[in-house]
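Each remark here refers to the structure printed beneath this line.
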Amino acid sequence: MKLWRKAAGAIKDRNSIWLASLSRRTPYRHPDLEAAIIRATSHDGAKIDYTNARRVFEWIRTSPIYLKPLAWGLSTRMEKTRSWVVALKGLILIHGVFCCQIPSVQRIGRLPFDLSSFKDGHSSPSKTWGYDAFVRSYYAYLDQKSSFICSEAKNFKKGLKLSLLEELIKIQSWQSMLDMLLQVRPLDDNMKVGLVLEAMNNLIVEVFDVYSRICNGIAQALLKIYATPAKTEASMALRVVQKAATQVEDLSQYLEVCREMGVLNASECPKLEKISEEDIKELEQIINGSVNNNNGKRKNSEVIEEEKMGVFVMREDNNNNNNGEEIRKKGSNKRVLKTVITDKWEIFDGDCSSRTTFQDHNFPTCSSSHLSVVSLPNYKQELPDLITF
């Protein structure tokens with residue numbers, strides 16, 4: 001039965017490529033690009049065609065005119081498929097496209113296809129329910145990410161400067177995105193297959209990029225709050241910090257599950273530090289009005305950042321043998337939250353000349369600290385229409 005399905009999938013892919021070759025080249029159709037998409041999202045669950053995935057990324061980097069053919073070709077492929085293998089490969093492909101950080105990609109908005117109700121139609125539901133759930137949750141995250149990339153790009157273009165309150169709302173949105181991202185995980189013990197592990201490798205990079213943005217945002221916001229205490233902002237900051245403390249635990253559990261599965265990038269993650277109780281108590285004091293706004297004892301911003309924020313992001317030195325150790329304030333035992341952005345966690349980027357790999361596969365790459373993930377104002381808001389240019 002497996003051999004028959006594999007042969008049937010290969011025939012479908014061959015026929016799709018043949019039909020694509022017969023199409024006329026238009027602003028929405030590009031036969032060669034469509035063929036590369038079909039090969040990169042083949043029915044063969046035993047391997048991923050990295051060569052054609054790279055070809056798709058190079059086309060997108062070359063010119064924005066290829067974005068419409070990409071959207072048409074990939075959406076046509078995804079809407080027709082009933083194979084979880086094809087669907088998951090399509091999501092991995094569009095995830096890589098986002099990481100190219102091309103301005104035209106940031107204007108896509110919602111994904112041009114819908115996998116929110118995806119179900120595999122080639123096997124018994126008792127065998128594929130875990131893969132179906134994985135595809136749906138992965139799609140849901142990427143759909144939201146694409147929408148908010150578009151929203152953030154518009155705000156950046158307008159040159160809008162956020163107030164402290166807006167910055168805190170943005171951090172809360174990042175935290176909501178991290179919650180959504182941590183739901184993308186295998187739910188069935190029988191899902192330890194190469195394609196799923198490859199997707200999880202990419203998701204680990206994504207998780208730490210979003211987490212580092214949360215840490216950076218908290219650090220900057222707390223610095224401003226400590227300098228000029230305000231009850232409204234302090235109250236929201238307290239909720240943000242409390243949420244961050246919970247998410248550290250959730251993230252630790254997520255990484256542990258990934259390690260048990262054998263996800264390569266999860267084994268290289270640094271130790272996660274919890275937010276200190278001192279930071280939470282000081283925010284509570286500000287809310288209760290027990291902190292003098294001008295006590296004259298504030299130190300310069302650099303010292304405040306080290307001693308008061310309790311959250312910061314640092315880049316890992318490849319020659320440093322103390323990765324994962326606790327960072328402590330000089331002359332004190334106070335612990336601060338640390339996120340390490342390491343050069344080992346790198347993925348595709350069109351501006352990068354260097355190359356690194358996911359599981360030793362050569363993808364165009366960029367540092368995870370430069371990923372084009374943006375904030376989401378609120379999941380309850382009405383999302384924009386499908387792809388626009």
Side-chain angles (χ1 to χ4, degrees), residues 1-21 23 29-57 59-60 69-98 111-125 127-143 146 184 186-188 190-203 358-359 361 363 386-387:
M1 183 63 72
K2 290 183 178 180
L3 183 60
W4 180 88
R5 284 200 297 266
K6 184 175 182 180
I11 293 173
K12 289 181 180 180
D13 293 337
R14 192 181 303 115
N15 290 340
S16 297
I17 293 172
W18 179 72
L19 290 174
S21 67
S23 63
R29 301 293 300 271
H30 190 289
D32 293 336
L33 177 55
E34 288 178 31
I37 292 172
I38 294 168
R39 291 188 176 98
T41 59
S42 70
H43 286 78
D44 189 352
K47 65 178 182 180
I48 301 177
D49 192 332
Y50 294 98
T51 299
N52 278 286
R54 285 196 297 270
R55 292 184 66 194
V56 172
F57 301 146
W59 257 307
I60 297 303
L70 169 70
W72 193 95
L74 189 56
S75 62
T76 301
R77 181 76 166 164
M78 295 296 99
E79 293 290 357
K80 288 182 177 180
T81 189
R82 297 182 66 193
S83 167
W84 72 264
V85 172
V86 175
L88 184 52
K89 285 184 177 181
L91 293 174
I92 293 174
L93 185 66
I94 195 65
H95 193 173
V97 169
F98 289 149
L111 293 184
F113 54 87
D114 185 4
L115 296 177
S116 60
S117 302
F118 177 81
K119 290 184 180 180
D120 186 276
H122 300 294
S123 300
S124 170
K127 296 180 179 180
T128 62
W129 69 270
Y131 298 103
D132 296 344
F134 188 81
V135 167
R136 290 194 295 265
S137 59
Y138 196 0
Y139 163 79
Y141 170 74
L142 292 178
D143 188 43
S146 181
V184 188
L187 302 177
D188 192 344
N190 297 323
M191 293 178 63
K192 296 180 181 180
V193 297
L195 184 57
V196 173
L197 292 177
E198 182 67 17
M200 292 302 299
N201 262 329
N202 298 351
L203 288 168
F358 282 135
Q359 290 188 335
H361 300 301
F363 275 78
L386 292 179
I387 187 166

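Please read these numbers as outputs of a predicted model, since none were measured by experiment.
To the nearest 0.5 Å, the span separating CZ on Arg82 from OG1 on Thr128 amounts to 10.5 Å. Note that CD1 of Ile37 and CH2 of Trp59 are 8.5 Å apart. Values are rounded to the nearest 0.5 Å. Taken to the nearest 0.5 Å, the CG atom of Leu88 stands 12.0 Å off from the NE2 atom of His95.
The closest side-chain heavy-atom distance from Asp114 to Glu79 is below 4.5 Å. Looking at heavy atoms from C-beta onward, Val85 lies in side-chain contact with Leu195 at the 4.5 angstrom threshold. Looking at heavy atoms from C-beta onward, Lys12 lies out of side-chain contact with Asn15 at the 4.5 angstrom threshold. Looking only at side-chain heavy atoms (C-beta outward), Ile94 and Tyr139 stay at 4.5 Å or farther from each other. At a threshold of 4.5 Å between non-hydrogen side-chain atoms, the residues Leu93 and Phe57 count as touching. The closest side-chain heavy-atom distance from His43 to Asp13 is below 4.5 Å.
Closest non-hydrogen pair, Phe118 versus Arg136, comes out as O-NH1, 2.7 Å. Summarising the geometry of Ala199 relative to Tyr138, their closest heavy-atom pair is CB-CE2, 4.2 Å, with the distance given to 0.1 Å. Pairing each heavy atom of Ala36 with each of Val56, the nearest pair is CB-CG2, 4.0 Å. Pairing each heavy atom of Val196 with each of Pro186, the nearest pair is CG1-CG, 3.8 Å. A pairwise comparison of heavy atoms in Pro69 and Leu33 identifies CB-CD2, 3.8 Å as the closest pair. The two residues Ala20 and Pro31 come nearest to each other via the heavy atoms O-CB, 3.4 Å.
Each side chain to side chain donor-acceptor pair (under 3.5 Å) pair with one or both residues in residues 29-42, not counting sequence neighbours, appears once here: Ser23-Arg29, Arg29-Glu34, Thr41-Arg77, Ser42-Lys89.
The side chain to side chain donor-acceptor pair (under 3.5 Å) check on Asp49 picks up Asn52, with sequence neighbours excluded. Partners of Phe134 under the ring pair (Phe, Tyr, Trp, His ring centres under 6.0 Å) rule, at least two apart in sequence or in another chain, do not exist in this structure. In terms of the side-chain contact (heavy atoms from CB on, under 4.5 Å) criterion, Leu19 has no residue partners (sequence neighbours excluded). Every residue two or more places apart in sequence or in another chain that forms a side-chain contact (heavy atoms from CB on, under 4.5 Å) with Asp188 is listed here: Trp129, Asn190, Met191. Taking the ring pair (Phe, Tyr, Trp, His ring centres under 6.0 Å) definition, one finds that Tyr131 meets it with Trp84, sequence neighbours left out.
A distance-only check finds a donor-acceptor pair linking the side chain of Ser75 to the backbone of Trp72 [under 3.5 Å]. In this structure, Asp132 contributes its side chain and Asp120 its backbone to a donor-acceptor pair below 3.5 Å. Side-chain atoms of Ser21 come within 3.5 Å of backbone N or O of Trp18 as a donor-acceptor pair.
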- Which is it for Val86 and Lys80 under the side chain to side chain contact (heavy atoms under 4.5 Å, CB included) test, yes or no, and what are the steps along the way? CA-CA 10 Å; Val86 175; Lys80 288 182 177 180; over 6 Å; no
